[in-house]
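Heavy-atom basis, side chains included; hydrogens, waters and symmetry copies ignored. The shown structure was predicted, so the numbers you read here are calculated from the model rather than taken from an experiment.
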Amino acid sequence: MRFGRYAVPLERPVSDAKVATGRQRPLSQLDVLTCEITTGDGLEGLGFSYTTRAGGPAQYAHAKEVGENLLGEDPSDIGRVYERLLWAGASVGRSGVATQALAAIDVALWDLKAKRAGLPLAKLLGSYRDSVRVYNTSGGYLQAPIEEVKARASQSLAEGIGGIKIKVGQPDMREDLRRLAAVREHLGDGVPLMVDANQQWDRASALRFGRAVEDLGLVWIEEPLDAYDADGHAQLAAALDTPIATGEMLSSVAEHVRLIDLRAAGFLQPEVPRVGGITPYLKIAALADHAHLQVAPHFVMELHVHLAAAYPRDSWVEHIEWLSPLFEERPEIRDGRMLVPERPGLGLTLAAHARDWRLDDVILGGG
């Protein structure tokens, strides 16, 4: 096993509602944890996790500490191996940094298993489709003037992307409404449009916003409230015609179960690195499908295209290119949809230039 920690720079810093309200600084880089697993017969699996602003060294340290428990195991026994790794770190819990570190290992195991079968991961899981609807987020951040947001939206549509999401949640809601109205007018009524408030509002403000935009035909309103306010999201979902989307910040199956049980989101947004890997993600997806919910996984399009293709309901993946420089391959997008790679596994290899961003590196076993 080889673990690496990388500082991947963004082309330019971006700001959302958490920055606009002084809770965070602009985001300028991602801290990425990679895991490369090599079997006795020479096959290799690649997995990764990430964090923003804090936690990268902790993820890397935890992965190194528990990773040795995997040496000598059969990598096809993913469920048993995952439980073994959970128990190895039981004292630090089953969510947050502890399981986000395991996500890199778990993804590598699934990548390896699909490669052993000679199948793309989506096919191994049992895909329903060969492409998934895709929307762009990276052109809609709050630091960008509205003319730039409109230009980036047009560029995304010209590149084959099917929907546009813009950030809202500024201190003055009237400015959000002005920007949103300008984008809707620019795009026309036929282009799917989403908004993301990044947990900005209290319940009353979120309800006011939701009622003010009902006639814009939004696909969803994302994270209008604190990520852990499941009851508040459920109240909004019941009060508004526009669906609520949330879940990206949650880091366990149990937290998503509460959203599902309360019918707090029309679009559930789990993310493989945050919930601890593909193994727990599949549990969330099965429960969401049972509840007749859409699943629109957050970020990490390179991985989530496979999982969205294997979900019974045709939903969305999020186009943000921040991780793209890490890999040699690029997603193929056509007619509003992202195509599932036909290569075995995830279909990803680390780019040669990624070593320039590597901060730490360790190999376990192999002696």
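Side-chain contact check for Val107 versus Leu346: some heavy-atom pair is nearer than 4.5 Å. Residues Leu157 and Leu187 meet the side-chain proximity criterion, which asks for heavy atoms closer than 4.5 Å. For the pair Arg203 and Leu236, the minimum side-chain heavy-atom distance is 4.5 Å or more. Side-chain contact between Asp360 and Phe3 is absent, with no heavy atoms from C-beta onward closer than 4.5 Å. Side chains of Lys167 and Asn198 form a contact here, defined as non-hydrogen atoms less than 4.5 Å apart. For the pair Leu348 and Pro341, the minimum side-chain heavy-atom distance is 4.5 Å or more. Taking the side chain as every heavy atom from C-beta outward, Val300 and Val272 never approach each other to under 4.5 Å. The closest side-chain heavy-atom distance from Ser156 to Ile164 is below 4.5 Å.
Around CZ of Arg358, the count of heavy atoms belonging to other residues, nucleotides or ligands within 6.0 Å exceeds 12. Enclosure of atom NZ in Lys18 by more than 12 non-hydrogen atoms of other residues, nucleotides or ligands within 6.0 angstrom is indicated. For CG of Asp172, the number of neighbouring non-hydrogen atoms (other residues, nucleotides, ligands) closer than 6.0 Å is greater than 12. In Glu73, the CD atom is crowded: over 12 heavy atoms of neighbouring residues, nucleotides or ligands sit closer than 6.0 Å.
Under 3.5 Å, the side chains of Ser315 and Arg313 contain no donor-acceptor pair of N or O atoms. Side-chain contact of Gln100 with Ser251: a donor-acceptor pair under 3.5 Å is absent, judged by distance alone.
When the salt bridge (charged side-chain N to carboxylate O under 4.0 Å, His left out) test is applied to Asp41, the partners found at least two apart in sequence or on another chain are Arg116. Residues forming a salt bridge (charged side-chain N to carboxylate O under 4.0 Å, His left out) with Asp226 (at least two apart in sequence, or on another chain): none. Remark: Glu318 engages Lys165 in a salt bridge (charged side-chain N to carboxylate O under 4.0 Å, His left out) (not counting sequence neighbours).
Evaluated for a ring-ring contact (aromatic ring centres under 6.0 Å, His included) with Tyr50, the options Trp322, Phe299, Tyr6 yield exactly one hit, Phe299. Tested against Arg53 for a side-chain contact (heavy atoms from CB on, under 4.5 Å), the candidates Asp31, Leu30, Leu27 yield a single pass: Leu27. Checking Leu180, Ile166, Val183 one by one against Ile146, the side-chain contact (heavy atoms from CB on, under 4.5 Å) holds for a single residue, Val183.
Closest of all the heavy-atom pairs between Ala237 and Ala264 is CB-O, 4.1 Å. Minimum heavy-atom separation, Ala20 to Leu142: CB-CD1, 4.1 Å. Contact detail for Gly276 and Asp106: the closest heavy-atom pair is O-CB, 4.2 Å. Contact record, Pro312 with Arg129: O-NH2, 3.0 Å, taken as the closest heavy-atom pair. Scanning all heavy atoms of the two residues, the minimum distance from Glu321 to Ser138 falls at OE1-OG, 2.9 Å.
If you chain together hydrophobic residues whose side chains sit under 4.5 Å apart, Val295 and Val275 fall into the same group. Linking Ile, Leu, Val, Met, Phe, Trp and Tyr whenever their side-chain heavy atoms come within less than 4.5 Å leaves Phe267 and Ile244 in two separate clusters. Residues Val149 and Ile320 do not share a hydrophobic cluster, defined by chaining ILVMFWY side chains whose heavy atoms lie under 4.5 Å apart. Hydrophobic clustering, with ILVMFWY side chains joined whenever heavy atoms are under 4.5 angstrom apart, keeps Leu268 apart from Val132. By the rule that hydrophobic residues join a cluster once side-chain heavy atoms approach within less than 4.5 Å of another member, Val168 and Tyr141 end up as members of separate clusters.
Ring geometry for Trp316 against Trp220 counts as perpendicular: the plane angle is over 60°, on a 0 to 90° scale with 30° as the lower cut. Aromatic ring pairs are classed by plane angle as parallel below 30°, tilted from 30° to 60° and perpendicular above 60°; the pair Tyr281 and His304 is parallel.
Note that CG of Leu85 and CG of Leu109 are 8.0 Å apart. Values are rounded to the nearest 0.5 Å.
Distance alone, capped at 3.5 Å, places no donor-acceptor pair between the Glu248 side chain and the Glu271 backbone. Distance alone, capped at 3.5 Å, is enough to place a donor-acceptor pair between the Arg133 side chain and the Asp314 backbone. Gln143 places a side-chain N or O within 3.5 Å of a backbone atom of Ser15 that can act as its donor or acceptor partner.
Between Arg23 and Asp16 there is no salt bridge, since none of the side-chain N atoms of the basic residue sits less than 4.0 Å from a carboxylate O of the acidic one.
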